[in-house]
Structure formats: C-alpha cells, structure tokens
2 protein chains.
Amino acid sequence: MSRGTKRRSYHHGNLRRALIDAALELVSENGPHGFSMREAARRAGVSSGAPYKHFPDRDALMRAISAEGEQRLLAAMDEEMARAGTEPTARFRAMGIAYVKFAVANPSYFRVMTMPEYLDAEQETTIQGQEDAVHAIISSAQASGAMTADDPRVVSLAAHCLVYGLARLFIDGHLARDGIGPQQAEAVATAVTGVFGRGLVPRKPDQ
Amino acid sequence: MSRGTKRRSYHHGNLRRALIDAALELVSENGPHGFSMREAARRAGVSSGAPYKHFPDRDALMRAISAEGEQRLLAAMDEEMARAGTEPTARFRAMGIAYVKFAVANPSYFRVMTMPEYLDAEQETTIQGQEDAVHAIISSAQASGAMTADDPRVVSLAAHCLVYGLARLFIDGHLARDGIGPQQAEAVATAVTGVFGRGLVPRKPDQ
DNA sequence: AGCACAAAGTAAGCGACGCTTCCATTTGTG
DNA sequence: CACAAATGGAAGCGTCGCTTACTTTGTGCT
C-alpha cells in the first residue's frame with residue numbers, strides 16, 4: 001500500500017516493507033541523520049508506536065536495510081560477473097566496477113550498508129564469504145600466470161580499498177566538485193581500476 | 001580546565017575547547033551517534049544552554065572538530081613529507097602512508113572529518129589546495145620519467161581512493177576481523193601502496 | 001459457525017535531546 | 001567606577017526513541 005492512499009483496514013498489510021521504503025526515502029532526502037521512526041511511521045500512515053511491532057528498535061530497522069542492500073549488491077555483482085566471462089582478471093575487474101556502479105545507483109542502501117554499527121553477525125559472514133570468493137579469483141589468476149604473485153590478501157585488500165574509496169567519494173559528493181557525476185561512474189571506475197590493474201600484470205622478459 | 005575539577009568561577013575559562021574535547025571523547029566512546037550537546041555540556045560541568053554561546057548549533061560544533069582535524073592532518077602529512085626527501089614518487093607514497101597513519105592514530109577526528117555534512121566551504125577549498133599539491137607531485141614525477149604518463153587526475157583519484165578506503169576499513173573495524181590491528185597500519189599501508197605504485201612505474205625496454 | 005488467541009494496530013506517557021528565551025553574573029574598558 | 005558585552009544558568013517548547021496498556025482484526029480449532 002503506497003503512501004497517500006488511505007488504508008481501509010485497521011491493519012496496514014505490509015507495514016514492514018512500507019517502513020523500510022520510507023526510511024530509504026528519508027535517508028536519500030536528508031542523509032542517515034534525517035531518518036526517524038516517527039517520521040517513517042507518519043509516511044506509512046500509522047501511529048508512532050506501530051513500527052515497534054516489526055522492529056525492536058531503530059537500529060534493527062537500519063540493520064534490515066543494510067542486510068537487504070547487501071543482498072542486492074551481491075545479486076548485482078553476480079550478474080555483472082556472469083557477463084564478464086571466465087577469464088579471472090576480467091572477472092576481478094568486473095567485480096570492482098559492479099561494486100562502484102551499485103553504490104552510485106543505490107546511494108541510500110550504500111550509505112546504510114557502510115555504517116559499521118548496522119552490521120550484524122550474519123552479514124559479517126556473508127562479507128567473509130565474498131572475500132573468500134575474491135581470494136579464489138586472485139589465486140586463479142595467479143595460477144594461470146595472468147597476475148603477479150603478490151600475497152593475495154594484499155591484492156584483495158588493495159582492490160577493496162580502491163573500489164570502496166571510489167564509491168564513497170561518489171556518494172559523499174567529493175567528485176561532484178570536479179564535475180564528475182554519477183553518469184560517469186562506470187568510466188571513472190574503468191580508468192581507476194585500469195591504473196591499479198597494471199600493477200598486477202606480470203613483467204615477462206618477452207614483452 | 002579538565003573534567004572532574006570543579007571550576008570556582010562563574011565563567012568556565014575555555015568552554016569552547018572543553019566542549020570540543022568532550023565531543024571527541026563521546027565520539028570515541030559511542031561513535032558519532034553517541035554525541036549530544038547536553039552530554040558534552042555535562043562533562044564540561046556547565047548547563048545545557050551554555051554551549052550555544054560558543055556554537056550556534058550541534059552541527060557547528062561538529063564542523064569545528066572537522067576543521068581542526070583537517071589542520072592536524074595537513075600538519076602530520078607535511079611533517080612526514082619533509083622526512084621523505086625530494087624524490088616525487090617517494091613523496092607521493094609518504095603522503096598516502098601519512099594519511100592512513102593519521103586516520104588510525106586519530107579515529108575520532110577522522111570519523112567526523114569524513115562526514116560530508118560537516119564540510120564547510122572553507123574546508124573544501126583547503127581540500128582543493130591539497131589536491132592541487134598532489135597533482136603537482138604527480139606531474140613532477142611524470143616529468144622526470146619516474147611515473148607513467150597517465151592522466152594525473154586519474155592517478156590522483158585512484159591514490160585518494162586507495163588511502164581513503166584503507167583508512168576507512170581500519171576505522172570501521174573491517175580489518176580487525178582479519179586480525180589486523182592499528183599497530184600494523186603502517187606496514188599494511190606500505191604493502192598496499194606498493195602494489196598500487198607498481199602500476200605507475202614506466203616499463204623501459206632495458207628492464 | 002463460533003470462539004479463543006495471536007498478531008498488529010492505537011493512545012498516552014516517560015525521559016532525553018536540540019534549541020530558544022529570559023535572566024544572572026562576570027569582566028574588560030572608557 | 002559605571003556599563004556594555006560576554007558568558008553562564010533556569011526553564012520551557014517540540015521532537016524523538018521507546019514502553020505500557022488497551023483495541024481491533026485475522027486465524028485455526030472444535
């Protein structure tokens with residue numbers, strides 16, 4: 001039931017979803033700061049106590065958004081990587097670019113997801129799994145001779161820093177000062193990962 | 001006048017500073033979330049209305065912290081770069097490592113500084129100046145043949161992403177999961193910037 | 001069908017917070 | 001030494017997170 005349409009029944013129907021959507025709206029309008037349980041309830045057309053039937057407290061709602069955003073991010077990355085084929089370094093790069101694209105396309109989710117106070121244990125294990133997948137790709141690339149034999153943890157960490165940092169600079173508007181908007185996100189991500197990737201190309205005597 | 005010592009005079013002496021210090025304490029204890037004007041006033045031993053004689057509102061206090069942190073960061077970076085000598089690529093790398101070291105050593109300042117809502121115009125121009133300095137170093141390195149002829153803006157951006165991302169991962173505790181603590185910050189920063197820097201080394205035929 | 005019960009809503013209230021207003025005290029200055 | 005500016009205190013407004021007590025609605029069981 002969307003905002004504005006008066007609900008006819010005493011029960012809302014899907015208040016949980018409506019609250020999450022309202023919260024995302026508020027985050028996108030006023031930043032994570034500007035979200036309140038009461039305002040979300042107001043937008044969902046229910047009393048100020050109703051949200052607490054679905055979320056024990058404010059942080060629980062934020063954590064729900066964080067988890068939901070993470071699922072969407074993983075789905076987006078899987079999709080892009082399927083498109084990227086099987087070559088490990090191509091997959092590696094596609095993963096990074098997909099990350100940045102997701103952040104720029106879903107700033108509200110990204111903002112909430114990246115607040116450490118809203119990470120629960122389940123999400124941490126998901127992240128750990130994702131890190132393991134990255135390590136596997138790196139090892140595979142190294143085994144095939146397509147990548148330098150650096151410590152995979154260092155390569156993984158550096159790549160993580162790069163894409164996370166880029167995403168944040170976009171989200172926080174630090175690039176808008178330089179006239180770089182969201183529509184240039186993919187091009188910028190491509191350029192930046194290109195420079196970084198060059199440091200991972202082995203130097204063979206014959207080239 | 002430090003917390004706990006009762007002040008004897010009606011006037012505090014340096015309430016502005018005491019409030020900033022209390023705010024930093026609160027941020028370090030409970031995150032940026034956990035700071036309130038009233039609690040800061042309480043810790044400074046002053047009524048809840050007193051802070052508003054020094055800061056028009058909560059955000060102004062945060063902005064003051066942000067600006068102060070930025071000054072300290074610039075000072076720390078200047079110092080490290082003086083130690084790094086004159087070779088441009090060494091200076092470039094020292095700058096990045098100094099950035100990460102500052103963040104890890106001053107997490108409360110860093111947290112507040114990196115909230116975009118607390119950046120005022122003056123600080124943005126300072127940042128712009130810092131970016132210009134980075135561009136100058138890059139151009140210098142390129143001119144001397146010590147760095148690839150990439151678009152300096154791309155190199156600068158990638159480096160910024162890298163160190164900012166690394167600092168954030170430290171501050172937000174994402175690396176603690178992997179057993180990486182603050183005392184390893186410099187080593188990790190050195191490793192990560194090493195991999196990145198390799199992509200900026202020109203490939204000459206004779207090597 | 002009818003009914004007990006769980007789920008999901010409302011109303012009202014508590015304490016904390018941001019901020020304002022008005023008043024009290026102190027202090028630098030002519 | 002008078003006085004204005006600076007600084008602090010007291011009290012109050014509206015909002016917020018969250019709780020408690022009560023009401024309404026849907027559901028499963030007999």
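Numbers restart at 1 for each chain; the letters A, B, ... are given by sequence-line order, proteins then strands. Remember, predicted model here, so these are calculated numbers, not experimental data.
- As a whole-Å value, the separation of A/Lys53 NZ from D/dG26 C1' is 15 Å.
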Can you give me every donor-acceptor pair (side chain of residues 178-190 of chain A, partner residue at least two apart or in another chain, under 3.5 Å) with its distance?
from, atom 1, to, atom 2, distance (Å)
A/Gln184, OE1, A/Gly181, N, 2.9
A/Glu186, OE1, A/Lys101, NZ, 3.4
A/Thr190, OG1, A/Glu186, O, 2.7

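- Atom CZ in A/Phe55 sits about 14 Å away from atom C1' in C/dA8, given to the nearest Å.
- Rounded to a whole Å, the CG atom of A/Leu26 is 16 Å from the P atom of D/dT15.
- Rounded to a whole Å, the CZ atom of B/Arg17 is 18 Å from the C1' atom of D/dT7.
- If you check every strand for non-hydrogen atoms under 4.0 Å, B/Ala50 touches sugar and phosphate atoms only.
- Note on A/Arg42: a side-chain N or O is less than 4.0 Å away from OP1 or OP2 of D/dC16.
- Contact check, A/His54 against C/dA7: no side-chain N or O comes under 4.0 Å of OP1 or OP2.
- Following rounding to the nearest Å, A/Asn30 (CG) and D/dT15 (P) show an atom-to-atom distance of 16 Å.
- The nearest whole Å value for the distance from the CG atom in A/Asn14 to the C1' atom in C/dA8 is 13 Å.
- In this structure, the NE2 atom of A/His33 is 15 Å from the P atom of C/dC17, given to the nearest Å.
- Partners of A/Thr89 by side chain to side chain donor-acceptor pair (under 3.5 Å), not counting sequence neighbours, listed by chain and number: A/Glu87.
- Taking a 6.0 Å sphere around CZ of A/Arg58, one finds it holds more than 12 heavy atoms contributed by other residues, nucleotides or ligands.
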Write out a two-atom table: protein N or O, nucleotide N or O from nucleotides 17-19 of chain D, distance below 3.5 Å.
from, atom 1, to, atom 2, distance (Å)
D/dG17, OP1, A/Met37, N, 2.9
D/dG17, OP2, A/Met37, N, 3.0
D/dG17, OP2, A/Arg38, N, 3.1
D/dG17, N7, A/Arg38, NH1, 2.3
D/dG17, O6, A/Arg38, NH1, 2.9
D/dC18, OP2, A/Arg58, N, 2.6
D/dC18, N4, A/Arg38, NH1, 3.3

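- Residues meeting the side-chain contact (heavy atoms from CB on, under 4.5 Å) test with B/Arg38, sequence neighbours left out: B/Ser36, B/Arg42, B/Ser48.
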Tell me which donor-acceptor pairs under 3.5 Å the side chains of residues 120-128 of chain B have, and how far apart each pair is, sequence neighbours excluded?
from, atom 1, to, atom 2, distance (Å)
B/Asp120, OD1, B/Gln123, N, 3.0
B/Gln123, OE1, B/Ser66, OG, 2.9
B/Gln123, NE2, B/Ser66, OG, 3.3
B/Glu124, OE1, A/Arg177, NH1, 3.3
B/Thr125, OG1, B/Glu122, O, 2.6
B/Thr126, OG1, B/Glu122, O, 3.1
B/Gln128, NE2, B/Asp132, OD1, 3.4

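- For A/Glu79, the side-chain contact (heavy atoms from CB on, under 4.5 Å) partners at least two apart in sequence or on another chain are A/Arg83.
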